[in-house]
Amino acid sequence: MRVSEAIKSRRSMRVFKSDPVPRADIEWIISTATRAASNGNLQPWKLYVTTSKARQRLSAAILKAMDDGDNGRKNYDFFDAPVGMILCVDRRMGNGQWIDCGIFLDQLMLLAREKGLHTCPQAAFSRYQHVVRRELKIPDDQVVICGLALGKADPDEVPNNLITERAPIQDFVRWYTE
Ligand SMILES: Cc1cc2nc3c(=O)[nH]c(=O)nc-3n(C[C@H](O)[C@H](O)[C@H](O)COP(=O)(O)O)c2cc1C
């Protein structure tokens, strides 16, 4: 798969199939994503991967703790994806390391495409990070950036078929030539 194909076929999926993802594929995606550039090669990302019962338990704990009126129920169930990841960074880290984590997150999403898988990045998990930390025994000195749903998804199914718009580059690029 060409890089541009991975980029163009990546979009946030919000309906996943239950088919499990082989552990070897998850490990390949993560280990290849570590080739991401990072400030000073600090590699500040911390990743917590849940599958099967652990994935269900995390979702159940958040759904139980959820505020009334929070309508993000599907989010906290990773949109039924078989793999739910939580991306964290040390609290002491600055903007540069958050950017590094963003690059790493994108590499995960693009590499998933090469394995025929889809993703949805989910900042919703940061809202209930006290629950996420408790369930996954994440140390207090780490902050939850976001979740990431990973699995198989039918791109033609509603709402997976939603193609979001992008601003044309003249809206945000300024050229200097002389
Ligand atoms: C860091 C980050 C956090 C996001 N959090 C959520 C989320 O909590 N729930 C959700 O449904 N989508 C979430 N999204 C997906 C965005 O809504 C989506 O990327 C954007 O609308 C563009 O659509 P596309 O990903 O299909 O191209 C998030 C995206 C990013 C990059």
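Whatever order the structure lists them in is the order used to number ligands and atoms, beginning at 1. Please read these numbers as outputs of a predicted model, since none were measured by experiment.
- Partners of Arg23 under the side chain to side chain contact (heavy atoms under 4.5 Å, CB included) rule, at least two apart in sequence or in another chain, are Glu27.
- Applying the ring pair (Phe, Tyr, Trp, His ring centres under 6.0 Å) rule to Phe78 yields the partners Phe125; only residues at least two apart in sequence or on another chain are considered.
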Taking only distance into account, with no hydrogens and no angle test, what donor-acceptor pairs under 3.5 Å do side-chain atoms of residues 135-148 form with protein atoms, sequence neighbours excluded?
{"unit_1": "Gln142", "atom_1": "OE1", "unit_2": "Tyr48", "atom_2": "OH", "d": "2.6"}
{"unit_1": "Gln142", "atom_1": "NE2", "unit_2": "Tyr48", "atom_2": "OH", "d": "3.3"}

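- Ring orientation note: the planes of Phe104 and Trp45 are close to parallel, at an angle under 30° on the 30°/60° scale.
- Other residues, nucleotides and ligands contribute more than 12 heavy atoms inside 6.0 Å of the CZ atom of Arg91.
- Listed as neighbours of ligand 1 are Arg10, Arg11, Ser12, Arg14, Asn75, Phe79, Cys120, Pro121, Gln122, Ala123, Ala124, Thr164, Arg166, each bearing a heavy atom under 4.0 Å from the ligand.
- Using modelled atom types, one side-chain atom of Arg11 and one backbone atom of Asn160 make a donor-acceptor pair closer than 3.5 Å.
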